[in-house]
Amino acid sequence: MNMTGQGLGIGIGLAALGVGLGLGLIGYSALQGMARQPEAIGKLQTVMLIALAFVELVFLLTVFIVPGSMGAFNR
Amino acid sequence: MSDQKQSSGLPAWVMYILGPLFMVGGFWVSVNVTHGNIKSLEEQGIPLDPGKTLAVIGVFLILFKVIESFYIMPLRDAIGTRNSDLESTFSEAENLRTQMADLKTDYERRLAATEADAREKIQAQIKEAQELRKTLMGEASAKADELVKRAQDEIAQERDRALAGIRLHVANLTLQATEKILSENMDNDRNRKLIDEFLDKVEVPTA
Amino acid sequence: MSGLLQTGLTLLASAEESHGEGGHHGTSFIGLFVYLGLTLLVLFVLLQSAKMGFKDRVFTRKTTSWFEQVYLFVEGMCVNIIGPHGRKYTPFIITFWLVIFVSNAVGLFMASTPTADLGFNLGMALISIGYVQWEGIGTNGVFGHFKHFAGPKLGLAMIPITLMIFVIEIISEAIKNVSLSLRLFGNIEGGHLAVEAMNKLGEPFYIPIGFFLLPIKVLTVVVQALIFTLLTCVYISLVTHHEEEHHDEHALEPTHA
């Protein structure tokens, strides 16, 4: 494994860390909101899913774009 | 619901024509068109084929209309008819229920009326019976009193008659005795005194 | 048995790989349509089976009640998010829901699946966003629709900012396509890659570790179908809500990543 591979692994790991934190925060706040207002569960779930989707997309963009750009830099 | 049945968009026949066109075009693009950017995207791990995209658009154009007209509309109709069916059934049941309730209240009312009637009748009968008993008892006691009175009268009469009879008899006896005594010694002073005494003695109880 | 099937289909997929040198993922045009045909076959068999139960007074047939549940769920989603006029978008949304769901479910058992192909997902995203534009133009008129991109009214002095907002909104509109397609592609293809990687991990011990990812993949199947349709609903609601509440809306508008 060369340096590029190691950097790739670390970068993706960092991205996963950040996204994991973001997902956790969303879940945390959504759960809190649901516990406080059980009658609003439907709306909260919808908004939570949308937020989850946007956070998840960041990681996917990282995963798909970083390797390509690394390759481009190495070229 | 009925006014919004058809989703807005192109009419169906346009979709049915455009769909295959897009599919064929997509196939043509997939086979013939290669662009540098697509190659570099693929090197980045993003395999994108614009031909597939075009073809998929065509497939979906057809799919929307097919699913909408063959499955969603019948489902909507089925749900609608089922709902109206259930509603009518429910309203029928509700009607029956109200009818039943009416009948029940009617029945209860009649039952209560009958009960009250019966109770009244029983009370009247009891009262009548009591009155009857009272009058009967009165009559009976009156009759008994009368009987007692009559008996007492009879007894008194009998006693009077007996007394009269006895007095007569005693008088007769006395007369006979007197005759006998008279025939023997009428002049005897002592005898006269005896008779008087005897008669006094006999007459005492009648007083 | 299913393992054997999977190997066979993996061979099929690798045989049809695009242009021979395309790496480990991506089926060819014909390969995509083989899998799409399979997906649609499953979908239409289920739908036809559901349709046979429509005549019953009460939906006792399993597939019919499932279909009804899905329909009511999607309709509820449309009405909740788009508003009372959202019911007419139900057929549009439910088609996406059904195709993505069945395709994802097929992907649980097959080597490849339509939603694991970026071209397919981009096609769906283009239709979704294109329909959103169509609806926006239909509701607000061409000029009104494009005025929506320019953001709130800022006065003459702020014309450069309005222009910038306009450009950014146009870009975000284009990015919506990418985000919709890439999310679905990344989740499904990422699931496949994760299973493959974990299987490779367990190869020395002959344990298919990837198999234990199945619960997460099942969750992904539903959630991705839900998110795609949910976001489409949100986008539609953003362009068709204007009549009632023009002012509240821009504050609520989510940032398009």
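Residue numbers start from 1 in every chain, and the chains themselves are labelled A, B, ... in the order their sequence lines are given, proteins ahead of strands.
Between C/H85 and C/Y89, the angle of the ring planes goes over 60°, which puts this pair in the perpendicular group of the 30/60° scheme. Under the 30°/60° scheme for interplanar angles, the aromatic rings of B/F64 and C/F92 are found to be tilted.
Both the backbone and the side chain of C/L122 come within contact range of chain B, judged by heavy atoms closer than 4.5 Å. In this structure, chain C has a heavy atom under 4.5 Å from the side chain of B/I67, while its backbone stays farther away. Using a 4.5 Å cut-off between heavy atoms, C/F33 touches chain B through its side chain atoms alone. Proximity to chain B involves both the backbone and the side chain of C/L47, based on heavy atoms less than 4.5 angstrom apart.
C/T139 places no side-chain N or O within 3.5 Å of a backbone atom of C/T240 that could act as its donor or acceptor partner.
At least one cation-pi condition fails for B/K52 and C/F120: the charged atom is not both under 6.0 angstrom from the six-membered ring centre and inside a 45 degree cone around its axis.
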